[in-house]
Amino acid sequence: MDKKFYNTDGITLARNLLNKFLIREYDDKKIVTKIVETEAYMGAIDKAAHAYKNKKSTRTDPLYLSGGHIYVYLIYGMYNCLNLSANKENIPECVLIRAVEPISDLDEISYNRFSKSYDELTNYQKKNLTNGPGKLCKGLNVDRSLSGENIFGSKLYIEDNIDNDFEIVEDKRINIDYAQEDKDKPWRFYIKNNKNVSVINKQ
DNA sequence: TCGGAGATCTTCT
DNA sequence: GAAGATCTCCGAT
C-alpha cells in the first residue's frame, strides 16, 4: 500500500487494514499473514493512548512520524506489540495490530512461537499461533528493533487483498480499564467469524 | 472450555 | 519504585 493509505485518521486506518496482508521478511524467510483484528489509538485525545496529551518520549517518538511508520513497544516486561502510525506528522494516532491469520510459512511461525515444526504442534497450539498482539509479534519475529522504521521497506510491509468478502465487527478495546471514559469507545475492529480474532465478546 | 495466578522488565515517575 | 494495549500454565468444570 502507498503512503496515502496511511495518511488518514486512526479509526479509518484501523478499518482499512483489516483483510490486508501483513508480510514479514528476514534472512531468507518470508512470512505471509492476513490482518483480522485491529484497534485505533487516537493520540492526544485518547486516554488509552501512549501519546495522550501529546506525551513524548524516546519510546513513543515513532507515533509522531507521518503515517506508515512502525511502533513496537514492550508490554508486561515480556511481550512486544506492533503498531502502525496513522495520519500526518505530529498527529500521534496509531493502529495496534491485535491478531493475524497465518497464511505461510506455517513452519517458520511455529518455530518462532514454540521451537517446533507445525506438524509437531498440539491442536491448541495451532489455533493460538498468532491470535493476540504478543503472539503475532513472536510468531513474525517482530521486536523493538523495528520501531521507528517505515512500512514501505522490505522487512515488514502491507499488501492489498483482492478478496474483499468480509464483514467488520466493531467492539470495545481490550484491557484498557485505566482509560476511564475512553475505555468503552468502539475502536476495536475485527473480521466477523474469523477464528484468529483474540477476544469475542458476547453480543 | 473456563478462570486464576504467575512470569518478568522497560518505561516513566 | 510501580505499573502495564499480555500470555502461558494448570486445575476444575
Side-chain angles (χ1 to χ4, degrees), chain A residues 9-11 13-15 17-18 22 33 35-64 69-87 91-102 109-116 120-148 169-190 193 195-203:
Chain A
D9 68 275
I11 293 171
L13 182 61
R15 288 173 155 276
L17 278 169
L18 287 178
L22 172 69
T33 65
I35 298 173
V36 301
E37 182 180 358
T38 59
E39 280 180 6
Y41 285 85
M42 294 304 281
I45 58 151
D46 182 0
K47 288 189 176 174
H50 287 172
Y52 177 53
K53 289 187 176 168
N54 282 317
K55 262 196 297 192
K56 262 196 155 180
S57 68
T58 48
R59 180 180 66 149
T60 59
D61 273 346
L63 293 173
Y64 293 83
H69 281 84
I70 299 167
Y71 172 51
V72 181
Y73 68 92
L74 191 73
I75 186 63
Y76 301 122
M78 32 167 86
Y79 300 105
N80 291 300
C81 287
L82 170 63
N83 302 254
L84 299 180
S85 71
N87 223 314
I91 302 181
E93 299 173 2
C94 73
V95 176
L96 167 69
I97 312 291
R98 278 195 56 88
V100 300
E101 176 178 329
I109 299 173
S110 301
Y111 277 113
N112 287 337
R113 290 270 289 129
F114 302 107
S115 302
K116 286 188 220 170
E120 293 174 285
L121 299 184
T122 64
N123 284 332
Y124 181 79
Q125 289 174 323
K126 286 180 186 176
K127 268 193 252 173
N128 291 279
L129 270 181
T130 56
N131 60 341
K135 300 176 198 178
L136 77 89
C137 280
K138 194 157 182 230
L140 299 201
N141 194 20
V142 166
D143 62 28
R144 295 192 304 294
S145 68
L146 285 170
S147 201
V169 180
E170 288 182 11
D171 205 347
K172 291 189 277 194
R173 294 176 290 179
I174 302 293
N175 282 346
I176 51 165
D177 292 342
Y178 58 88
Q180 303 173 18
E181 72 269 20
D182 284 335
K183 77 184 172 63
D184 292 329
K185 291 264 167 55
W187 289 348
R188 182 165 72 104
F189 307 97
Y190 60 86
N193 295 329
K195 294 199 170 65
N196 293 278
V197 173
S198 62
V199 179
I200 312 271
N201 291 317
K202 300 224 164 78
Q203 302 291 328

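Order of the sequence lines sets the chain letters (A, B, ...), proteins ahead of strands, with each chain counted from 1. FYI, side chains are in, hydrogens and waters are out, and symmetry mates aren't considered; it's all heavy atoms of this structure. Please read these numbers as outputs of a predicted model, since none were measured by experiment.
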| message | Using a strict threshold of under 4.0 Å (side-chain N to carboxylate O), is an ion pair present between A:K183 and A:D177? | response |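 No, this pair does not count.
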Between A:E170 and A:R15, does at least one N-O distance fall below 4.0 Å, as a salt bridge requires?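 So A:E170 pairs with A:R15 through a salt bridge.
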Applying a 4.0 Å non-hydrogen cut-off, can you work out what A:R173 is touching in the nucleic acid: base, sugar-phosphate, or nothing?
nothing
For nucleotides 1-7 of chain C, 5' to 3', base contacts (B), sugar-phosphate-only contacts (S) and non-contacts (-) with protein non-hydrogen atoms under 4.0 Å give ---BBBB
| query | Hey, is NZ on A:K195 packed in by over 12 heavy atoms from elsewhere, all under 6.0 Å? | reply | no
So does A:K126 have more than 12 non-hydrogen atoms from other groups sitting under 6.0 Å from NZ?
yes
Both distances below 3.5 Å, Watson-Crick or wobble geometry, any strand: find the nucleotide opposite C:dC9.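 Its partner is B:dG4 (Watson-Crick or G-U wobble, both distances under 3.5 Å).
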Across all strands shown, which nucleotide pairs with C:dA3 by Watson-Crick or G-U wobble geometry, both distances under 3.5 Å?
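B:dT10 is the nucleotide pairing with C:dA3.
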Whichever of A:Y124 and A:R144 has its nearest DNA chain B nucleotide further upstream toward 5':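 This one resolves to A:Y124.
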If we ignore angles and hydrogens, is there a donor and acceptor under 3.5 Å between the side chains of A:N131 and A:K127? no
A:K127 atom NZ is separated from C:dT8 atom C1', nearest whole Å, by 16 Å
Of all heavy-atom pairs linking A:L82 and A:I70, the shortest is CD1-CG2, 3.8 Å
